[in-house]
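Everything below concerns the one structure shown next.
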Amino acid sequence: MSDRNDLIEIFGTENPSRRGDVIFVHGLGGDALSTWHPQERRDDHNFWPAWLGEDLSDVGIWSLAYEVEPFRWKGNSMPLVDRATNSLDLLDSYEIGDRPIIFVTHSMGGLLVKQMLRSARDFGKWQAIASGTRGIVFLSTPHSGSDLARWINYIGTILRTTVSIEELEAHHSRLRELNFLYRNDHQFSEIPMLVYCETRPTNGILVVNQTSADPGIKGVIPVPMDVDHISICKVDDKKNRIYRQVKRFVNQNLTTPLPLIQPKVAVHPDSNVAVNSDSKQEQAKKKVDDGLGLIEQCKELTRNRLGSEHPAVASSLNNLALLYENQGRYCKAEPLYVQALEIRKKLLASSKRSPTSAT
C-alpha cells in the first residue's frame with residue numbers, strides 16, 4: 001500500500017505488551033511525517049511523535065497517512081464520511097482497537113477522527129475503536145468550518161477544488177451536524193479533549209478562528225497559542241508547552257476507563273436493513289445484569305458449601321471478574337482478581353508443604 005494511504009509505524013508499535021496506541025492524524029494538504037516535523041522533512045524521524053514514544057516507552061506511536069488535497073491537480077480527496085470508513089478499515093487491519101487509543105489531530109484531521117468515531121458507533125463493525133478511544137488532542141481543528149475554504153473556493157474556478165474544500169466551508173451542514181452531535185451526545189462529550197488554537201495569520205489569513213476551534217463541550221477550554229495554523233503542529237523540542245501537555249494528557253488518559261460507547265444501529269439477522277438498537281441494547285444490558293446477579297449468587301453458594309479457600313471459589317471469582325472487565329467495570333473486576341489470586345497462592349503454598357505419597 002502507498003505510504004500516502006497507510007498507517008505509518010513511528011515507535012513501539014511491535015511491542016505486544018504496550019498499554020495503548022497514540023495515532024497522529026494530519027489535516028488538509030498534510031503528510032503523515034512532514035506535518036509534524038519542524039523542517040517538514042519526511043526522511044527524518046527526529047520529531048515529536050518519536051520523542052513521545054521515547055518518553056512513553058510502553059506506548060505505540062503511529063501516524064495516519066491519507067490523501068486529502070485542496071486542489072484536484074495535487075491529488076485525490078474523499079468526502080469526509082467515505083474517508084472515515086476507509087480509515088476505520090485501515091486501522092482495523094493493523095488491529096487498532098485491541099488496546100486503548102488516543103488521537104492527536106491537526107486541522108481537518110480532527111474532523112476526520114470525529115466522523116470516524118461516529119461511524120464506528122453507528123455501524124457497529126468497528127465498535128472497538130470507538131470504545132477504545134481515551135482522548136483526542138485537537139490542534140486548530142475547525143469544528144465549525146473555516147473561512148479559508150470560502151476563499152479557496154473563490155479561486156477554485158481556475159484551480160478546481162476537491163470535495164474536502166466544500167465540506168470545510170464555514171457553517172457547512174455536515175460540520176454543523178457533527179458539531180451538534182458531539183456537543184449533545186453524552187457518550188462522545190465524555191471523551192477527554194485537549195484543545196489548542198492559533199492566533200496568528202498564515203499568509204495574511206487566520207485559517208481557524210478561536211470560535212471555530214472551540215468544540216463547545218462543557219469543561220473543554222481551547223488554549224490560544226502565539227503560532228499560526230502551520231506551526232502549531234510542528235513542535236521543535238521537548239520543552240515546547242504543547243509537547244509537555246500532550247505527553248501528560250496521553251499518560252493520564254490512556255489507561256483511564258471510560259463508559260463504553262454503545263452502537264446506535266444494528267443489522268437484523270434476516271435482512272440487510274439497519275435498525276435502531278437502543279431498545280435491544282437495554283434488553284441486552286438487563287440480561288447481562290441478571291446474569292451477573294446469578295453468578296454472584298453461585299459464587300456465594302460455592303463459598304458457603306466448599307469453604308472460602310476452595311479452588312472452585314477461586315474459579316468463580318476469576319470468571320466473575322472477567323465478565324466485569326469485559327464490561328469495562330474495572331473497579332469491580334480488580335478486587336475479585338486479587339481475591340482469586342490470593343486463594344490460589346494459599347493453595348499452592350499448602351500443596352508444597354504437603355508430603356508427596358509414593359506410587
Side-chain angles (χ1 to χ4, degrees), residues 23-30 35 64 66 68 70 77-84 87 101-122 130 133-153 162-202 205-225 227-230 232-233 242 245-246 249 253 261:
I23 302 175
F24 285 75
V25 185
H26 67 80
L28 183 70
T35 289
L64 179 64
Y66 66 103
V68 56
S77 192
M78 287 185 188
L80 192 62
V81 172
D82 292 347
R83 179 57 70 187
S87 298
I101 310 163
I102 285 182
F103 291 97
V104 179
T105 71
H106 176 237
S107 193
M108 190 176 181
L111 303 178
L112 174 59
V113 167
K114 289 172 70 174
Q115 182 62 53
M116 286 167 61
L117 297 184
R118 178 189 182 172
S119 297
R121 185 183 73 170
D122 289 352
T133 298
R134 296 290 187 269
I136 309 173
V137 178
F138 293 111
L139 303 178
S140 283
T141 290
H143 297 280
S144 303
S146 171
D147 287 329
L148 175 65
R150 185 177 301 169
W151 178 81
I152 292 179
N153 259 335
T162 64
V163 65
S164 295
I165 288 297
E166 298 170 15
E167 292 184 322
L168 271 178
E169 283 190 5
H171 313 300
H172 189 281
S173 59
R174 180 168 299 283
L175 297 189
R176 285 203 313 271
E177 180 190 20
L178 198 58
N179 211 14
F180 181 81
L181 172 69
Y182 272 77
R183 290 183 178 189
N184 294 278
D185 186 282
H186 73 280
Q187 294 177 329
F188 287 134
S189 63
E190 288 181 353
I191 298 174
M193 297 178 184
L194 182 64
V195 180
Y196 288 98
C197 58
E198 69 210 58
T199 58
R200 294 181 178 178
T202 304
I205 300 173
L206 190 65
V207 179
V208 178
N209 62 45
Q210 294 183 43
T211 300
S212 187
D214 186 354
I217 294 175
K218 184 178 179 181
V220 178
I221 302 174
V223 179
M225 300 295 289
V227 292
D228 62 24
H229 189 71
I230 302 300
I232 194 169
C233 58
I242 289 179
Q245 292 289 59
V246 169
F249 180 83
N253 291 292
I261 296 179

Q: Work out which heavy atom in Tyr182 is nearest to a heavy atom in Ser189; give both atom names and the distance.
A: O-CB, 3.5 Å
Q) Do Val207 and Ser140 come within less than 4.5 Å of each other through their side chains, counting heavy atoms only? A) no
**Q.** Phe180 to Asn184 - nearest heavy-atom pair and separation
**A.** O-ND2, 2.8 Å
Q. So do Ser144 and Thr211 actually touch side chain to side chain, heavy atoms under 4.5 Å?
A. no
Q) What do the steps show when you test Arg121 against Asp185 for side-chain contact (heavy atoms from CB on, under 4.5 Å), and what is the final call? A) CA-CA 12 Å; Arg121 185 183 73 170; Asp185 186 282; 2.8 Å; yes
Q: Kindly compute the distance separating OG1 (Thr105) from CD1 (Ile23), expressed to the nearest 0.5 Å.
A: 12.0 Å
Q: Return the minimal non-hydrogen interatomic distance between Leu117 and Phe188, and the atom names on each side.
A: O-CZ, 3.6 Å
Q.
Ser87 and side chain to side chain contact (heavy atoms under 4.5 Å, CB included): which single residue from Leu112, Val113, Val25 fits?
A. Leu112
Q) Do Met193 and Thr141 come close enough that some side-chain heavy atom pair is under 4.5 Å? A) no
(Q) Side chains of Val195 and Asp214, heavy atoms from C-beta outward: is any pair under 4.5 Å? (A) no
Q: Taking the side chain as every heavy atom from C-beta outward, state whether Val137 and Gln245 have any atom pair closer than 4.5 Å.
A: no
Q. If you measure from CZ on Phe103 to CZ on Arg134, what distance do you get to the nearest 0.5 Å?
A. 12.0 Å
Q: Please report the shortest heavy-atom distance between Glu198 and Ile232, naming the atom on each side.
A: N-CD1, 4.0 Å
(Q) Go through it in stages, so that I can follow the logic: the residues are His229 and Ser107, the test is side-chain contact (heavy atoms from CB on, under 4.5 Å), and I'd like the CA-CA distance, side-chain angles, deciding distance and then a yes or no. (A) CA-CA 8 Å; His229 189 71; Ser107 193; 3.0 Å; yes
Q. Between CD of Glu177 and CD of Gln115, what distance do you get to the nearest 0.5 Å?
A. 8.0 Å
Q: To the nearest 0.5 angstrom, please state how far the NE2 atom of His106 sits from the CG atom of Leu139.
A: 6.5 Å
Q. What heavy-atom pair brings Leu28 and Met108 nearest, and what distance separates the two atoms?
A. N-CB, 3.9 Å
Q.
ring pair (Phe, Tyr, Trp, His ring centres under 6.0 Å) for Phe138 and His143? Distances and angles first, verdict last.
A. CA-CA 10 Å; Phe138 293 111; His143 297 280; 4.7 Å; yes
Q: With rounding to the nearest 0.5 Å, note down the distance linking CG in Asp228 to CD1 in Ile205.
A: 12.0 Å
Q: Identify the heavy atoms of Gln210 and Pro224 that sit nearest to each other, and give their distance.
A: OE1-CG, 3.8 Å
Q: To the nearest 0.5 Å, tell me how far Ser119 OG sits from Arg83 CZ.
A: 13.0 Å
Q) Are the side chain of Asn179 and the backbone of Leu175 linked by a donor-acceptor contact shorter than 3.5 Å? A) no
